[in-house]
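What follows is a single structure, written as structure tokens, with notes after it.
Whatever order the structure lists ligands and atoms in, that order sets their numbers, starting from 1.
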Amino acid sequence: MDDKAHPKHPNGINKDVNIAVLGMRNVGKSALIVRYLTKRFIGDYDPEMDDIFKHTTTIDGKQVTIHIMDTVWSYKHSHHQYKEDPITWADGFLLVYSVTDRDSFISVQELVESLRLSREDDRIPIVVVGNKNDLIHMRQVSLEESENWTTEHNCNMCEVSASEDVESVEEAFHTLYRQIKIVHKKREKLTWIMQRPAVAAKLQIRQSLRNLAERKWRSRTSTM
Ligand SMILES: Nc1nc2c(ncn2[C@@H]2O[C@H](COP(=O)(O)OP(=O)(O)OP(=O)(O)O)[C@@H](O)[C@H]2O)c(=O)[nH]1
């Protein structure tokens, strides 16, 4: 299943998409990934199983390839040897909590903040997923609370059950995929604009003027 082939677009932007699944222990990260890849729910997983999966599927009528990384909580302090650092590797993040575990929801909130800080990007694609919504009697986090928090912090969210529902799990991954593609398209457009001769010339002139102004300012301050 593991295949690291990850072709680059001529302008350096990957055509494939990398998704890292993060969240506290026992929230159902592996269950969600297996459900998405195989449409099946498996109760227990081999903790040593491969941590990057390649998946080719059709989204919005297009055939696409997604690489999905399963992680171990807390990946930074665990002894698990990642081939890649999920923070720099991923184009987007699926942050999972369990609706039956308030601490796991708090940890997702912390993850949102720390991912945005470490990637220095407030618009990094993130989808927050509340798993195990089949366990109604054990619920500790309401849908309303989660929706309020994610709206306030500008992320998409959904509730799913890896054990009972295929569609909502698929929708969570595909929503994130679409967000990533929007970011890629914007970046592609920007690269294209920057490479146009007229724009490149303007930028060069602007930079030369800036350098000149800086040199003048330096020589003035050094003679004071
Ligand atoms: N009822 C219910 N149980 C679930 C669901 N998803 C996962 N589980 C169970 O929750 C437990 C943890 O699931 P995992 O997928 O191993 O969780 P994880 O987040 O990958 O855990 P770590 O590998 O320890 O980080 C297992 O016993 C699963 O069977 C769900 O949607 N509903």
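- The residue from R35, E159, R25 that puts a heavy atom closest to atom 24 (O) of ligand 1 is R25.
- Close contacts between ligand 1 and S161 involve ligand atoms 31 (O) [criterion: under 4.0 Å to a heavy atom].
- Electrostatic pairing of R178 and E171 counts as a salt bridge here, judged by a charged N lying under 4.0 Å from a carboxylate O.
- When each atom of ligand 1 is checked for a heavy atom of L135 under 4.0 Å away, the hits are 1 (N).
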Item to check | Evaluation steps, ring-ring contact (aromatic ring centres under 6.0 Å, His included), between Y36 and H174 | outcome: CA-CA 10 Å; Y36 177 61; H174 291 186; 5.5 Å; yes
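- For ligand 1, the atoms closer than 4.0 angstrom to any heavy atom of A31 are 6 (N), 7 (C), 15 (O).
- Counting atoms of ligand 1 from 1 in the listed order, those under 4.0 Å from a heavy atom of S30 are 15 (O), 20 (O).
- By the 3.5 Å distance cut-off applied to N or O atoms, T71 is not counted among the residues near ligand 1.
- Using a 4.0 Å cut-off between charged nitrogen and carboxylate oxygen, R139 and E159 count as a salt-bridge pair.
- Evaluated by nearest non-hydrogen atom to atom 13 (O) of ligand 1, the leading choice among A162, G28, G23 is G28.
- Note on E167 versus R35: no salt bridge recorded, every NZ/NE/NH1/NH2 to OD/OE distance being 4.0 Å or above.
- Looking at N133 against ligand 1, nothing comes within 4.0 Å, counting heavy atoms.
- Using a 4.0 Å cut-off to heavy atoms of K29, the atoms of ligand 1 that qualify are 15 (O), 17 (O), 18 (P), 19 (O), 20 (O), 21 (O), 22 (P), 25 (O).
- Looking at S163, S168, S161 one by one, the single match for side-chain hydrogen bond (donor to acceptor under 3.5 Å, both in side chains) with D165 turns out to be S168.
- Look at R116 and D121 and you find no salt bridge, because none of the NZ, NE, NH1 or NH2 atoms lies under 4.0 Å from a carboxylate O.
- Ligand 1 places these atoms under 4.0 Å from at least one heavy atom of D134: 1 (N), 2 (C), 30 (C), 31 (O), 32 (N).
- Checked options V128, D103, V96; the residue passing with V108 is V128 (criterion: side chain to side chain contact (heavy atoms under 4.5 Å, CB included)).
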